[in-house]
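Order of listing sets the numbers, starting from 1, for every ligand and every atom in it. Note that these values count all heavy atoms, side chains included, but never hydrogens, waters or copies made by symmetry. Computed from a predicted structure; not experimentally measured.
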Amino acid sequence: MVLENEDRIDVLIGGGGVAGLALAVALRQGLGDGFSVAVADPALDRAPSDPRASAIVAAAQRLFAAIGVWDAVAGEAQPILDMVVTDSRLTDAVRPVFLTFDGDAEPGQPFAHMVENGPLLAALLARARATGVMLRPAAIAESAPSQSGGDVSVALTGGERLRARLLVAADGAHSGIRARAGIPTRGWNYGQCAIVTTVAHERDHGGRAEEHFLPAGPFAILPLKHCRSSIVWTEHAAEAERILALPDGDFHEELERRFGLHLGEIKAEGARRAYPIGLWIARAFIGPRLALIGDAAHVIHPIAGQGLNMGLKDVAALAETIVDAARLGLDPGAGAVLERYQRWRRFDTMAMGVATDGLNRLFSNRSDVLRLVRDVGLGLVDRMPPLKQIFIREAAGLLGEVPKLLKGEAL
Ligand SMILES: Cc1cc2nc3c(=O)[nH]c(=O)nc-3n(C[C@H](O)[C@H](O)[C@H](O)COP(=O)(O)OP(=O)(O)OC[C@H]3O[C@@H](n4cnc5c(N)ncnc54)[C@H](O)[C@@H]3O)c2cc1C
């Protein structure tokens, strides 16, 4: 099929996860009907099945409010009112608390909310429909800049062909779009997996998040509405596989050994799933008529719950870059426009990758000597803790050149 120029989409986004859909809505909202935006993802016509919940920091919450999505999830969003961090062996009767923090990112605004990924995706999809984003429930099978250099040509599974002035890779950690563009990633696997499940408990958590640094890695209890918590339970990969395959009763026992009984009786609910953990950062965030966002650009350890928040910073920076360019009559896929986006996001991403990697190395270790070193260092922790710094800095989101959406401003 030969496509006319009028058929050319301004921005085509491959991947309708949180990052891809948020970018689509931000662009339509900022540029209106004269600017066409499409999202292609085979998952668009399926009910969201992601069992995870995400800690959404205040800056990301402001972005969701600015793009008209926050109201739809706010009722079920659980504010994180304080956080305790402990460091112990699995067999320790008492887990010494070495770090606590509470408070607001700004007066009246909790530093983070727990939001379940399923309802968040559903709210974003509804908003994408309402703002006129074109939705294609198909995967991107091929993509390449056209010979003229004026656009990118894309084939979807099912045979449809599209042309766009800019292609955005939002297709997750194993991005096929990134691979086809020949952009390598740098990083490593940690040999760990995060087991995710939801737990119902007798007593309310009072909005408290807990992170227990056990020898195999962090075990996080993250508060949800209705006396429930989301569990992110890090284990070495083989052990995670074993635990995941256990019959319900044995799984419950392993869970209870780590969770404890401080919130009364517990019960695992719904799906349990394991996610391999690694640190992967793309060598470039842009290519010819191509920009990478979210996990397609970077994957970090979930130790500080910042992966999606970083993806939303990409969304805010790229949306602002494209909107500014389009208002000046510039081509959104032009090299100079994309360079601005890359400059904006690369350094911050590297800094967060290094910070979460360091935390994981410090805490995921069975050595008692390292534990002692940590304990000594941890005397300082309440004053200058890396974890605390990450949360507070990211929650406020007010350092450096902050994109408008993260300040809650319209584009
Ligand atoms: C256990 C765990 C806990 C986490 N907790 C937090 C947290 O508390 N806070 C936080 O900020 N982050 C957290 N993260 C990180 C966060 O989940 C990810 O960063 C986030 O989901 C990435 O979103 P995304 O939209 O970039 O990619 P994804 O969610 O991976 O979406 C990619 C989309 O692309 C689609 N796709 C794939 N291939 C194609 C193709 N060829 N064509 C078209 N579409 C395609 C897929 O169907 C999918 O819908 C956690 C991660 C893990 C593993």
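Contact annotation for A296 and ligand 1: no heavy atom of the residue comes within less than 4.0 Å of the ligand. With a 4.0 Å heavy-atom cut-off, ligand 1 is reached by the backbone of Q306 but not by any atom from C-beta on. In A170, the part holding a heavy atom less than 4.0 Å from any atom of ligand 1 is the backbone. Heavy atoms of V18 found under 4.0 angstrom from ligand 1 belong exclusively to the backbone. Contacts between A194 and ligand 1 below 4.0 angstrom, taking non-hydrogen atoms only, involve the side chain exclusively.
Of the protein's non-hydrogen atoms, D295 N, 2.9 Å is the one closest to atom 26 (O) of ligand 1. Closest protein heavy atom to atom 8 (O) of ligand 1: A55 N, 2.8 Å. Scanning all protein heavy atoms for the shortest distance to atom 29 (O) of ligand 1 gives G17 CA, 4.4 Å. Taking atom 15 (C) of ligand 1 as the reference point, the nearest protein heavy-atom neighbour is L308 N, 3.7 Å. Nearest protein neighbour of atom 37 (C) of ligand 1, counting heavy atoms only, is D171 O, 3.6 Å. Protein heavy atom closest to atom 4 (C) of ligand 1, with residue, atom name and distance, is P302 CB, 4.0 Å. Closest to atom 6 (C) of ligand 1 among all protein heavy atoms lies G305 CA, 4.1 Å. Nearest non-hydrogen protein atom to atom 43 (C) of ligand 1 is A40 O, 3.2 Å.
Under the side-chain contact (heavy atoms from CB on, under 4.5 Å) test applied with V315, the options V25, L21, L406, I293 reduce to a single match, I293. Across H205, R203, E210, a single residue satisfies side-chain hydrogen bond (donor to acceptor under 3.5 Å, both in side chains) together with H262, and that is E210. Of the candidates R52, R208, M114, M114 is the only one forming a side-chain contact (heavy atoms from CB on, under 4.5 Å) with L222.
Residue contact check for ligand 1: G176 places no non-hydrogen atom closer than 4.0 Å to it. Not a single heavy atom of G311 sits closer than 4.0 Å to an atom of ligand 1.
Distances below 4.0 Å separate heavy atoms of V196 from the following atoms of ligand 1: 1 (C). Every atom of ligand 1 with a heavy atom of G172 under 4.0 Å away is listed here by number and element: 27 (O), 30 (O), 32 (C). Short contacts between ligand 1 and P42, defined as distances under 4.0 Å to a heavy atom of the residue, involve ligand atoms 43 (C), 44 (N). Those atoms of ligand 1 with a heavy atom of G294 less than 4.0 angstrom away are 26 (O). Numbered from 1 in the order shown, with element, the atoms of ligand 1 that lie under 4.0 Å from a heavy atom of Y275 read 53 (C). Close approach of ligand 1 to I140 (heavy-atom distance below 4.0 Å) involves ligand atoms 40 (C), 41 (N), 42 (N), 43 (C). Heavy-atom contacts of G307 reach the following atoms of ligand 1: 10 (C), 11 (O), 12 (N), 15 (C), 19 (O) (cutoff under 4.0 Å). Numbered from 1 in the order shown, with element, the atoms of ligand 1 that lie under 4.0 Å from a heavy atom of A139 read 40 (C), 41 (N), 42 (N), 43 (C).
Inter-residue side-chain proximity for V18 and L121 is flagged as met; some heavy-atom pair is nearer than 4.5 Å. Between H113 and W70 the shortest side-chain heavy-atom distance falls below 4.5 Å. Counting only heavy atoms from C-beta outward, the side chains of V154 and E160 never approach each other to under 4.5 Å.
Using the six-membered ring where Trp is involved, F285 and H298 have ring planes that are tilted, between 30° and 60° apart. Between F259 and H201, the angle of the ring planes lies from 30° to 60°, which puts this pair in the tilted group.
Residue R186 places its CZ atom among 12 or fewer non-hydrogen atoms of other residues, nucleotides or ligands, all under 6.0 Å distant.
Q78 and R228 are not linked by any side-chain donor-acceptor pair at a separation below 3.5 angstrom, with hydrogens and angles left out of the test. S143 and R180 share a side-chain donor-acceptor pair at under 3.5 Å.
Side chain of D171 to backbone of G176: a donor-acceptor contact under 3.5 angstrom is found. At least one donor-acceptor pair closer than 3.5 Å links the side chain of R127 to the backbone N or O of I67.
Between V69 and A123 the shortest heavy-atom distance is CG1-CB, 4.0 Å.
At least one N or O atom of A19, backbone or side chain, sits closer than 3.5 Å to an N or O atom of ligand 1. In terms of polar-atom proximity, N117 is not counted as a contact of ligand 1, lacking any N or O under 3.5 Å from an N or O of the ligand.
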Applying salt bridge (charged side-chain N to carboxylate O under 4.0 Å, His left out) to R46 and D41, what does each step give before you reach the verdict? CA-CA 10 Å; R46 294 181 220 136; D41 187 327; over 6 Å; no
Take D33 and R28 through the salt bridge (charged side-chain N to carboxylate O under 4.0 Å, His left out) test and state the conclusion after the steps. CA-CA 7 Å; D33 283 345; R28 285 292 293 177; 2.8 Å; yes
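Residue nearest to atom 47 (O) of ligand 1, selected from L21, L124, D41: D41 (by heavy-atom distance). Of all the listed residues (R52, H298, H301), R52 holds the heavy atom that lies closest to atom 51 (C) of ligand 1.
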